[in-house]
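All remarks here apply to the structure that follows.
Predicted, not measured: the structure shown is a model, and the values here were computed from it. Positions are given from 1 along the sequence.
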Amino acid sequence: MPEQNLEECRERILSNDYRDFISTYSEDVLNYIISKDGTCTQEINSKYSILYIPAGDEAIRTGVSMSFLGYQSIPKLYTLADSTNMDEIGVTRLRNQPYLNLTGEGVTIGFIDTGIDYTHKAFRFSDGTTKIGAIWDQTIQTGTPPEGLFYGSVYTSEDINRALASDNPFDIVPSRDENGHGTFNAGIAAGNEDISNDFIGAAPNANIVMVKLKPAKQYLRDYYFIKEDAIAYQESDIMLGIRFLIDYAFKTKRPWVLVIGLSSNMGGHANITYLEQFLDEFSNTLGPTVVTACGNEGNENTHYRGNFVEGQESQAVEMIVGQDTKGFCLELWTQLPVTSSVSIISPTGEVIPKIPARIGTNENYDFLFEKTKIYIDYVVPLGSSGEILIFMRFQDPTPGLWKFQVFGNIHMGLFDMWLPVRTFLGEGTYFLQADPYITITSPSVALGPISVTTYNHRENSIYLKAGRGYTRSAYIKPDLAAPGVNIYGPDIGGGYVVRSGSSIAAAHLAGAAALLVQWGMVLGRDNIMNTNSVKGYLIRGAIRKPELEYPNREWGDYVNIVSC
C-alpha cells in the first residue's frame with residue numbers, strides 16, 4: 001500500500017469534513033482509491049480497513065449514501081451498556097483454593113471504553129506502581145500514536161509509573177476517564193484488593209490494557225439523529241481499538257481477554273455488521289477470549305416483531321413519537337423470500353402511500369403541512385444471505401401516533417423493526433405493541449463471543465432492562481448471565497460507587513474468564529484455549545434454575561457462573 005502521511009491522515013481521521021467508511025476492499029482497490037483522491041486508509045487487518053474520504057467527494061456530496069459503499073460500511077454508533085457479587089460467580093472459591101491460587105496472573109484483560117483513572121489505588125500495586133500495561137487514548141493528539149495507527153496517544157506502564165511518581169501525574173500522562181464507566185468495569189474485572197473499602201476485583205493480578213474511545217464524529221451523530229447529550233462511539237474506532245489490543249497481546253506474548261461493554265440496536269441483530277463479523281472471526285483464533293454485553297433494552301419498547309400469516313397482505317404497526325424527538329432512525333428487516341414495503345400515516349393524517357420495494361434505491365419525502373422529512377433506503381446488506389433492509393430516517397417528526405402499514409410480497413413470514421437504543425433516542429418514542437425479545441444488542445449478537453446478560457444476584461432475578469434473546473436468525477444468545485445490579489466498584493477520583501448494567505455483568509465474566517485462562521494457558525493445563533473453549537468450561541460450571549426450560553431467552557443457556 002502506498003506510504004501515507006501520518007499528520008495528513010490524523011487530520012482526516014479527526015475532521016468532520018471527512019467521511020469514515022469501513023471497507024473490505026482488496027489491497028489493489030485500496031491502492032487505486034488512495035492514488036485517485038488522496039484518501040487516507042487505516043488498516044485493521046488483512047480483511048478490514050477504514051477509509052477517510054473528503055465530504056465533497058462526488059460520490060458522497062449529498063451526505064452519507066448507502067449506495068456508495070453499502071449499509072455495512074457506514075459506521076454504526078454504540079453507547080455504554082450501563083444504566084458479596086464475587087462469591088456469587090465463584091471466583092472467591094477459586095482464589096481461596098490452595099492448589100490453584102488463581103488470581104489472573106499472567107493474563108491481560110483489554111477494555112474498549114471511556115478510559116481509566118490510572119491514579120486510583122485499585123489499579124496500583126502495594127509499592128504504588130501501576131498494574132496497567134498500556135492506555136491508548138484516541139482523544140489526545142499531543143503524544144505518540146501506537147505503531148501502525150495514525151491518531152491518539154499511547155502511554156506505556158513506564159509512562160504511567162513516571163506520572164504516578166510525580167506531584168502532577170496528569171502533566172505526564174494526561175489521559176482521564178471523565179465518565180467513570182471504563183474505570184468501574186476495569187475494577188470489577190481486575191481491580192486490586194482494597195481492604196479498607198471492602199473491595200476486590202475478580203482477577204486482581206491480571207494486567208489491564210485500556211483503549212479510550214474518541215467521540216463519534218458530528219456528521220454521524222447528525223445522520224443517525226443521536227440525542228445531543230448521549231455518549232456515542234463509532235464502529236470504526238472500536239475495530240481499531242481491537243487491533244491495538246491484538247498488537248499488544250502479540251508483543252507481550254500473553255493470553256488475553258477482550259471485554260466490550262458497548263451497545264447498539266443497529267445492524268439487524270443477526271451478525272451482520274462488520275464489527276460483529278470481525279469479533280466472530282477473531283473469537284475462533286488461539287489465545288483471545290471475547291466477552292460482550294447484551295445491553296439494557298429488554299423493557300425499552302424499541303423492538304417490534306411482525307408475522308404475516310396465511311392470507312394476510314399487510315400488518316399495522318403503531319408507534320408514539322415524543323414531544324422532544326428531533327429525529328430518529330428506524331430499521332425494518334426481513335429475509336428472503338419475504339420482502340416488505342411500507343405506507344406511513346403521520347399524527348395529523350398525512351399519508352405516504354405504499355412505497356414500492358426497489359432494492360438499491362432511496363426516496364425522500366417532504367410532508368405538506370408538517371416539517372417532517374423522511375429518507376428511505378432499500379438495502380441488501382449481504383447479498384448472499386438474503387437479508388433485506390428498509391432503512392428510514394425521520395427528521396423533525398411530528399409528535400403523536402404514527403402508523404405504518406407493512407406489506408409482504410408473500411403472505412407468510414416474519415419481519416422485525418428496531419428503534420435506536422434508548423440512550424440515543426431519549427424518552428417518549430416507542431412501539432405501542434413492542435416485543436421484549438430479540439433485544440440483545442450489537443455486538444453481543446455475534447456468534448463467537450461469549451454474550452453476557454444481567455441478573456440481580458441478591459434476588460436471583462433477571463435484571464428488568466436486560467436484553468433478551470435470541471438473535472433474529474434464531475441463534476441461542478445470550479450464553480450466560482452474571483451479576484450486574486447495584487454493584488460496588490471503583491469510581492473516578494479515587495472513591496467507590498454503585499452501578500448497574502450489562503457492561504458490569506460482562507466485566508464480571510471477563511474476570512472469571514481470566515482465571516480460567518490463567519489455569520489453562522499460563523499454568524499449562526490447556527494450551528489451546530480460545531473463546532469457544534472458555535465458553536465451554538464456563539457452561540459446564542454454571543447452574544440452572546430447575547423451574548425453567550433451557551435454552552432460555554432471558555437467562556441464556558445457564559443461570560450464573562458458580563465455578564470454573
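Side-chain rings of Y304 and W418 stay apart, their centers remaining 6.0 Å or farther from each other. Between Y470 and Y475, the gap from one ring centroid to the other reaches at least 6.0 Å. Between W402 and Y430, the gap from one ring centroid to the other reaches at least 6.0 Å.
There is no side-chain donor-acceptor pair under 3.5 Å between S461 and N456.
Aromatic ring orientation, F199 versus Y488: perpendicular (interplanar angle above 60°, classes split at 30° and 60°). In this structure, Y71 and W333 have perpendicular ring planes: the angle between them is above 60°, well past the 30° mark. Note: F391 and Y224 have perpendicular aromatic rings, judged against thresholds of 30 and 60 degrees for the angle between ring planes.
The salt bridge (charged side-chain N to carboxylate O under 4.0 Å, His left out) check on D237 picks up K214, with sequence neighbours excluded. Every residue was checked against the salt bridge (charged side-chain N to carboxylate O under 4.0 Å, His left out) condition with R254, not counting sequence neighbours, and none meets it. The salt bridge (charged side-chain N to carboxylate O under 4.0 Å, His left out) search around D280 returns none, not counting sequence neighbours.
The line from CG of N532 to CG of L447 is 10.0 Å long, rounded to the nearest 0.5 Å.
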| S263/T441 under side chain to side chain donor-acceptor pair (under 3.5 Å): CA gap, chis, key distance, verdict | CA-CA 6 Å; S263 172; T441 52; 3.0 Å; yes
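Heavy-atom neighbours of Q433 CD from other residues, nucleotides or ligands within 6.0 Å: at or below the threshold of 12. The environment of D324 atom CG is sparse: at most 12 non-hydrogen atoms of other residues, nucleotides or ligands sit within 6.0 angstrom.
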